[in-house]
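Just below is one structure, and these are the notes that go with it.
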Amino acid sequence: MRNLCFIAVLVALLTSCATAQDSSRLLVADQLFHAQDSILLRAGNYSDTIKIKYAKGLKVDYGKDGIHVTVSNPDPAVKTAKPQHIVIRKSSSRFICTTALQLGNFEILGLENKIVGINSLRHIFSLKMIDQLETGKTAEIGKEGNFDLETVMRIKPDYILVSASKYGGFEALKECNIPLVFHHGYKETNPLGQAEWIKLVGLLTGETRRANAVFADIERKYNTLKDEVEKTCTSAKMKPTVISGRQLRDGWYIVGGKSYMAQIFKDAGADYIMKNNKESGGVALDFETVYAKGIHADFWQTDGSSDGNYTLQNLAGEDTRYATMDAFKNKRVVFCDLSQTPYRELAGVQPHFLLADFVKAFHPELLPHYTPKYYKLIK
């Protein structure tokens, strides 16, 4: 009888330990998404030398006459664009940003105070930037094609960050004789490559230790979660299928099979229905083509702007055929509300949160305590 009791206790203890070990293993990635603000306090422990690991559009060389930075467009579709060469000899503290993502690069580094001018963006989520605009520390310079050149000259920026996608809109700024720096981060197809463009801001501002610290934190969280997913999804059967986008104007817009988001899907342990598509950005296809491929997908990723709580009913109201899709019927639509979240500002420099959002949807057991930041399942 004593032996039986001993065996029962032993089994209970072993089961308890195994459960604790399993819980510990599952929570490794989950625990990394807490205490987000401490990394800047440890920036002094990091190197002040910038090295590029993932970004295809950045190259940094240290010379006797300064830091040589080569900026190029990493978009595979761009063959003829000439790279831009910058020699940095001193740090700068006055910048104009012309896109939300550029703002996000400064925001994640805690350097909003260095932005003296900004494009007239529709939505700004940074509380510091809103305060700077209200107090006059940062000026609105208008929109591409209609910039207020007098304001640009008055605020005396050291650099103006511009976007390669805004064709013709920045020609007038050249008249101000202020250096324009192309920020191609959004063209990177590697999620960590896109986030790594914060190192360009670190170089220009002289805050290289801060940039290295923040990026190392992003990289660690992203790769740790990615590794957890790989350990869990050991077979194709364990990877749910996912379709993207929806009908907008002249076609169903999906993310290309070689895009940044397609890589996020893969790293989150999903099989993207359109993975064989060769595009690195968004692409419009006819409704029937995407519908036929995606009707039985396990999950559906899409985004948009709403005035309130976007629901499955709202989605079905756009096209009744949506309600016939498996992901819709099983309430597995993962939606990002662009008007309610700082997606345009910060998602590009927070790929670890994007990855976590989709892991939470696809494999919730890996992140039991995580609250989605951008994409979440809607009801």
Side-chain angles (χ1 to χ4, degrees), residues 53-58 72-79 81 99-102 104-105 163-166 182-198 218-219 222-223 225-226 229 239-287 289-291 293-294 297-304 327 333-336 338 341 343-359 361-362 373-375:
K53 297 176 64 175
Y54 302 94
K56 300 295 185 182
L58 284 178
S72 58
N73 191 332
D75 187 343
V78 177
K79 304 294 185 182
T99 69
L101 177 58
Q102 293 163 12
N105 276 228
S163 168
S165 68
K166 310 294 185 180
F182 280 94
H183 192 294
H184 300 297
Y186 67 101
K187 290 289 188 179
E188 298 281 351
T189 57
N190 183 316
L192 288 174
Q194 185 166 140
E196 197 167 27
W197 279 71
I198 64 174
I218 295 168
E219 180 185 33
Y222 190 98
N223 285 335
L225 182 52
K226 176 184 174 183
V229 172
K239 298 179 181 180
T241 53
V242 59
I243 192 62
S244 74
R246 66 187 193 277
Q247 181 78 13
L248 295 173
R249 298 180 299 278
D250 55 343
W252 185 313
Y253 278 78
I254 65 164
V255 296
K258 306 301 179 183
S259 68
Y260 167 95
M261 189 61 79
Q263 186 63 49
I264 294 278
F265 293 155
K266 180 179 179 181
D267 293 344
D271 183 15
Y272 183 37
I273 294 291
M274 307 298 288
K275 64 186 177 183
N276 293 327
N277 178 274
K278 303 300 182 182
E279 299 295 329
S280 59
V283 58
L285 302 175
D286 65 88
F287 187 101
T289 296
V290 183
Y291 179 79
K293 288 181 176 291
D298 297 310
F299 286 89
W300 180 3
Q301 170 268 334
T302 189
D303 57 45
V333 177
V334 195
F335 180 76
C336 175
L338 301 175
T341 65
Y343 180 89
R344 292 188 177 96
E345 276 175 44
L346 291 173
V349 289
Q350 293 185 328
H352 53 309
F353 282 125
L354 272 184
L355 179 63
D357 286 354
F358 287 107
V359 171
F362 302 154
K373 183 166 185 177
Y374 299 109
Y375 280 93

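- Looking only at atom types and distance, the side chain of Asp267 has a donor-acceptor partner in the side chain of Tyr222 under 3.5 Å away.
- Across Ile273 and Ala297, no two heavy atoms sit closer than the pair CG1-CB, 4.1 Å.
- Donor-acceptor pairing under 3.5 Å is recorded for the side chains of Tyr186 and Ser163.
- One finds the CG atom of Asp286 at 11.0 Å from the CG atom of Asp250 (value rounded to the nearest 0.5 Å).
- Across all their heavy atoms, Gln301 and Ser244 have their closest contact at OE1-CB, 3.0 Å.
- Using a distance-only test at 3.5 Å, with no hydrogens or angles considered, a donor-acceptor pair links the side chain of Thr241 to the main chain of Asp298.
- Ring orientation note: the planes of Phe362 and Phe299 are nearly perpendicular, at an angle over 60° on the 30°/60° scale.
- Between the CG atom of Asn73 and the NE2 atom of His184 there is a distance of 5.0 Å, given to the nearest 0.5 Å.
- Pro240 approaches Gly269 most closely through the heavy-atom pair CD-O, 3.2 Å.
- Looking at every heavy atom in both residues, Asn277 comes nearest to Gly256 through OD1-CA, 3.5 Å.
- Put simply, CD on Glu188 and CH2 on Trp197 are 6.5 Å apart, with the number rounded to the nearest 0.5 Å.
- A donor-acceptor pair under 3.5 Å is formed between the side chain of Asp357 and the backbone N or O of Tyr374.
- To the nearest 0.5 Å, the span separating CD1 on Ile243 from CH2 on Trp252 amounts to 6.5 Å.
- Side-chain contact between Thr341 and Tyr375: absent, with no pair of heavy atoms (C-beta onward) separated by less than 4.5 Å.
- Rounded to the nearest 0.5 Å, atoms CD (Gln247) and CG (Leu285) are 10.5 Å apart.
- Within the 4.5 Å cutoff, the side chain of Tyr343 has heavy atoms near those of the Leu354 side chain.
- The line from OG1 of Thr99 to NE2 of His183 is 7.0 Å long, rounded to the nearest 0.5 Å.
- Residues passing the ring pair (Phe, Tyr, Trp, His ring centres under 6.0 Å) test with Phe265, sequence neighbours excluded: Tyr272, Phe358.
- For the residue pair Gln263 and Thr189, the shortest heavy atom distance occurs at CB-O, 4.0 Å.
- Put simply, the side chain of Leu338 does not reach to within 4.5 Å of the side chain of Phe335, judged on heavy atoms.
- Closest non-hydrogen pair, Ser280 versus Asp75, comes out as OG-OD1, 3.3 Å.
- With contacts defined as side-chain heavy-atom distances shorter than 4.5 Å, the pair Glu196/Gln194 does not qualify.
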